[in-house]
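Working notes for the structure below.
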Amino acid sequence: EYDLVLLDIQLPDMTGLEVLRRLGAQSASCAAPVILLSASDDPQLAVRARQAGAYGCLEKPFRLDDFVRVLASLSS
């Protein structure tokens with residue numbers, strides 16, 4: 001079992017959103033929060049990521065303090 005999944009949105013065979021949807025279909029196998037990583041500055045991407053079941057979305061390159069903030073929010 002995983003504590004956290006970091007998932008890039010740009011994958012060679014399918015999008016990270018599609019992977020997230022498939023993980024959601026197997027919810028017992030992925031109870032861990034998923035954070036999507038993206039180089040896109042599309043403001044709607046975070047909305048689509050949450051709708052697909054992601055806990056959050058970080059824009060690459062992300063700053064370490066942004067990542068730590070997201071991790072801290074997982075435990076609260």
Once you round to the nearest 0.5 Å, how far does [atom1] of [X] lie from [atom2] of [Y]?
{"X": "Leu36", "Y": "Asp8", "atom1": "CG", "atom2": "CG", "answer": "8.5 Å"}
{"X": "Leu64", "Y": "Arg69", "atom1": "CG", "atom2": "CZ", "answer": "11.5 Å"}
{"X": "Asp3", "Y": "Leu74", "atom1": "CG", "atom2": "CG", "answer": "10.0 Å"}
{"X": "Arg48", "Y": "Asp42", "atom1": "CZ", "atom2": "CG", "answer": "5.0 Å"}
{"X": "Ser40", "Y": "Gln10", "atom1": "OG", "atom2": "CD", "answer": "8.0 Å"}

So do [Y] and [X] actually touch side chain to side chain, heavy atoms under 4.5 Å?
{"X": "Leu4", "Y": "Tyr55", "value": "no"}
{"X": "Leu7", "Y": "Leu20", "value": "yes"}
{"X": "Val70", "Y": "Ile35", "value": "yes"}

Flag if over 12 foreign heavy atoms under 6.0 Å of CD, Glu18 =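 Counting other residues, nucleotides and ligands, CD of Glu18 exceeds 12 neighbours.
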Counting only N and O atoms by type, is there a donor-acceptor contact under 3.5 Å from the side chain of Arg21 to the main-chain atoms of Ala52?
->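 Answer holds: no.
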Taking a hydrophobic cluster as the set of Ile, Leu, Val, Met, Phe, Trp and Tyr residues connected by side-chain heavy atoms closer than 4.5 Å, whether directly or through intermediates, do Val47 and Leu45 fall within one such cluster?
->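 Each belongs to a different hydrophobic cluster.
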Minimum-distance pair of heavy atoms, taken over all atoms of Ala49 and Leu17 = CA-CD2, 3.7 Å
